[in-house]
Amino acid sequence: MENVEKKLREEAKGLLAEKKVDVVVGYEKGTLPLTATPCFITTPEEADRLVWNPFCVLNLAKFVHDLLSQHHEAQKRVKPEARRKKVVGVVARGCTSRSLVIHLQEKQYGRDELVILGVPCGGYLDEKKLAALAGGEEIREGSLDDGKIAVKTVKGEHQAPLKELLADNCLVCRFNQPVIADIQTGEIAPVAEAEKEYDPVTAFENLPPEARWAYFEKEMAKCIRCAACRNVCPSCYCRICFAEQSQPRWVDIGADPSDTQLFQLMRMYHMVGRCVDCGSCTAVCPMGVDLRKFLKKLDKDAFSMFGHRAGVSMDEPALLGAYKETDGEEFIFEPKHGG
Amino acid sequence: MEKVMTEEQSANAWEPKIVAIVCNWCTYAGADLAGISRIQYPPNVRIIRVPCTGRINPFYILRALQEGADGVLVSGCHPGECHYITGNLTARRKFAALKSFLGYIGLEGDRTLFTWVSASEGDRFAQVIRGVTKAVRALGPARKLVKGI
Ligand code: SF4
Ligand code: SF4
Ligand code: SF4
Ligand code: FES
């Protein structure tokens, strides 16, 4: 990890010094123990702030899209001869790189507006698992040494192997190397158990429908519709999301449970073939809604029905923007004669 | 003769309400043909005409369910016969994913049905409506995703 961090800083410094990028989106040390936070580096001197460790949680592709789409928007108000290109450098692990591919597939910006600093990823720390380790107490001090996390709270000290505290999605990550990168900073062997990726989905599918509905209802009842899951999701970049549209008003802003269910169903449905399982949405949800249980199903279906994995290849079109004549028809209703 | 229904009777008299979202060029014309050929089919469907199945935002389906439809049928041109060439082929992917997802959260499969009926298939249209009505009737009134329940 240290080497990756060192290389990362050097590369970022170089890119900024040579003016090959206007900004590098990366992570810096957070204000609380065992955290890192997204940062925007614009001068070579600042590049030493960059870190790369298992506390880097959020998918940075979101910020890349924000920066570039805002830049494109601003350029519209500039005389054509005065327009300038903005190039964004981004620290990208596997899932981040897949989100970037999705943006490129969906023609959100050009490949030339992007410099990808690929980093190998061993997974990130799940804040909720960490909180459980600390017994819900405030963490005063924390350290990561030799694959062991140690925390100090007012009530005492706790320890656990990092592996036990990794986020669920990281444990089964299939693409922990960037799928696309301009500069690669180090390699590590995959550690994740990708073959178990869909186990929870399969287990859920095997429950009776009423149990599944009950679970869906229960999870959705927790949701306060703060939209943090959407705001942090790199695939949710619509300028005006359906959730805020008023003409037509797709979903009502009411206390009726069905309104929240519809909001969530639709938000998730918009992830068909577009969710990279980065876990950002689950990580930021203040209510602990089990979004992944549902999102992962979309991922499973995209693969089993259409052989599609979100954002892994620049040559593939967006799943729902394309079709094959051979796409399955099993779900088509056939009335029985005389029925 | 005037008849006053008791509450129990009116509950027993539940009839499924089915929203059928159909494309203008095939299924709607098929429904017309069924009509002019005087083929009988159950009066439980409310037809919404759209230019093409590719025009259907999956939200229409969810919204219909939320507003109290007991079932939603989507029907358009057979693959290869879409007036806009590929509208129904992209729609097929969208619907496959939607139907599977709704099934996953525990919604009954027969609440949302998809099929193809061409302009010359008046008979098939009537058959589809009979089949859909029967399937939805068997499920009983919708209780999931419905507003105010
Ligand atoms: S839906 Fe969640 S897990 Fe999927 S890409 Fe968006 S933030 Fe990541
Ligand atoms: S939920 Fe859908 S409409 Fe809203 S931002 Fe995400 S993709 Fe766009
Ligand atoms: S972050 Fe959680 S509570 Fe907020 S809208 Fe998303 S699921 Fe609901
Ligand atoms: S016009 Fe009928 S499905 Fe496209």
Side-chain angles (χ1 to χ4, degrees), chain A residues 201 204-205 207-217 219-220 242 248-252 254 256-259 261-262 264-266 268-273 293-294 296-298 300-302 304-306 308 319-325 327-339, chain B residues 41 54 57-63 65-68 73-75 78-80 86-110 112-117 123-135 143-149:
Chain A
V201 175
F204 193 72
E205 282 167 342
L207 296 175
E210 288 316 314
R212 281 182 268 141
W213 172 256
Y215 188 75
F216 176 75
E217 245 188 338
E219 288 304 307
M220 295 309 127
F242 78 84
R249 190 172 61 198
W250 295 104
V251 53
D252 295 335
D256 194 282
S258 73
D259 289 332
Q261 290 163 3
L262 242 63
Q264 285 289 349
L265 269 182
M266 214 52 195
M268 292 195 277
Y269 179 76
H270 286 181
M271 295 303 125
V272 175
K293 179 80 90 258
F294 305 105
K296 204 65 192 158
K297 165 69 175 171
L298 297 173
K300 183 182 182 209
D301 278 357
S304 63
M305 290 182 186
F306 308 110
H308 183 95
L319 180 67
L320 290 191
Y323 63 88
K324 280 202 186 106
E325 264 149 42
D327 284 343
E329 283 243 335
E330 305 74 39
F331 70 103
I332 295 291
F333 178 74
E334 276 308 324
K336 283 168 209 71
H337 279 272
Chain B
Y41 60 81
N57 186 327
F59 222 125
Y60 297 173
I61 297 164
L62 294 183
R63 197 59 197 217
L65 291 171
Q66 191 194 21
E67 299 291 337
L73 167 71
V74 170
S75 179
H78 289 273
T86 59
N88 54 0
L89 296 178
T90 45
R92 183 166 64 181
R93 279 199 167 178
K94 286 195 255 179
F95 298 148
L98 181 69
K99 187 164 168 105
S100 167
F101 194 41
L102 291 176
Y104 184 72
I105 65 157
L107 199 79
E108 305 90 342
D110 284 349
T112 51
L113 295 162
F114 303 89
T115 197
W116 320 117
V117 174
D123 203 30
R124 179 177 159 89
F125 180 80
Q127 260 176 35
V128 164
I129 301 303
R130 271 183 231 125
V132 168
T133 310
K134 196 169 153 200
R143 316 296 301 171
K144 293 168 185 166
L145 294 178
V146 184
K147 199 162 189 143
I149 287 194

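So that the names make sense, note that chain A is the first sequence line, chain B the second, and so on, each numbered from 1.
- Ranked by heavy-atom pairs shorter than 4.5 Å toward chain B, the options A:Ala322, A:Pro209, A:Gly328, A:Ala211 are led by A:Ala322.
- Proximity to chain B (any heavy atom under 4.5 Å) is shown, for A:Leu265, by both the backbone and the side chain.
- Residue B:Asp110: no heavy atom, backbone or side chain, is found under 4.5 Å from chain A.
- Proximity to chain B involves both the backbone and the side chain of A:Leu319, based on heavy atoms less than 4.5 angstrom apart.
- The aromatic rings of A:Trp213 and A:Phe216 sit tilted relative to each other, their planes meeting at an angle between 30° and 60°.
- A:Ala302 does not touch chain B: none of its heavy atoms, backbone or side chain, sits under 4.5 Å away.
- For A:Asp327, the parts lying under 4.5 angstrom from a heavy atom of chain B are both the backbone and the side chain.
- Of the atoms belonging to A:Phe242, it is side-chain heavy atoms, and not backbone ones, that fall under 4.5 Å from chain B.
- Annotation: maximal heavy-atom pairing with chain B below 4.5 Å, among A:Glu210, A:Glu329, A:Met305, occurs at A:Glu329.
- Taking B:Leu62, B:Thr115, B:Ile105 one by one and counting their heavy-atom pairs under 4.5 Å with chain A, the maximum is reached by B:Ile105.
- Within the model, atoms CD of A:Glu334 and CD of B:Gln127 stand 9.0 Å from one another, a figure rounded to the nearest 0.5 Å.
- For the atom pair NE2 (B:His78) and CZ (B:Arg124), the distance works out to 5.0 Å, reported to the nearest 0.5 Å.
- Rounding to the nearest 0.5 Å places CD of A:Gln261 at 11.0 Å from NZ of B:Lys144.
- Panel note: side chain B:Thr90, backbone A:Tyr323; no donor-acceptor pair is recorded below 3.5 Å.
- Between chain B and the residues A:Phe204, A:Tyr269, A:Phe306, A:Phe294, the most heavy-atom pairs under 4.5 angstrom are made by A:Tyr269.
- Minimum heavy-atom separation, A:Pro335 to B:Val128: CG-CG2, 3.6 Å.
- Using cut-offs of 30° and 60° on the angle between ring planes, the pair B:Tyr41 and B:Phe125 is perpendicular.
- Under the 3.5 Å distance criterion, with hydrogens and angles disregarded, a donor-acceptor pair is assigned to the side chains of A:Asp259 and B:Gln66.
- In this structure, B:Phe95 and B:Phe114 have parallel ring planes: the angle between them is below the 30° cut-off, well short of the 60° mark.
- When each of B:Trp116, B:Tyr60, B:Phe101, B:Tyr104 is checked for heavy-atom pairs under 4.5 Å with chain A, B:Tyr104 comes out on top.
- Only the backbone of B:Val146 comes within less than 4.5 Å of a heavy atom of chain A; no side-chain atom from C-beta onward does.
- In terms of modelled atom types and a separation under 3.5 Å, the side chain of B:Arg92 and the main chain of A:Lys324 share a donor-acceptor contact.
- For chain A, the option among B:Ala97, B:Gly103, B:Gly80, B:Ser100 with the highest count of heavy-atom pairs below 4.5 Å is B:Ser100.
- There is no contact between B:Leu65 and chain A, counting heavy-atom distances below 4.5 Å.
- With a 4.5 Å cut-off on non-hydrogen atoms, B:Lys99 touches chain A through its side chain but not through its backbone.
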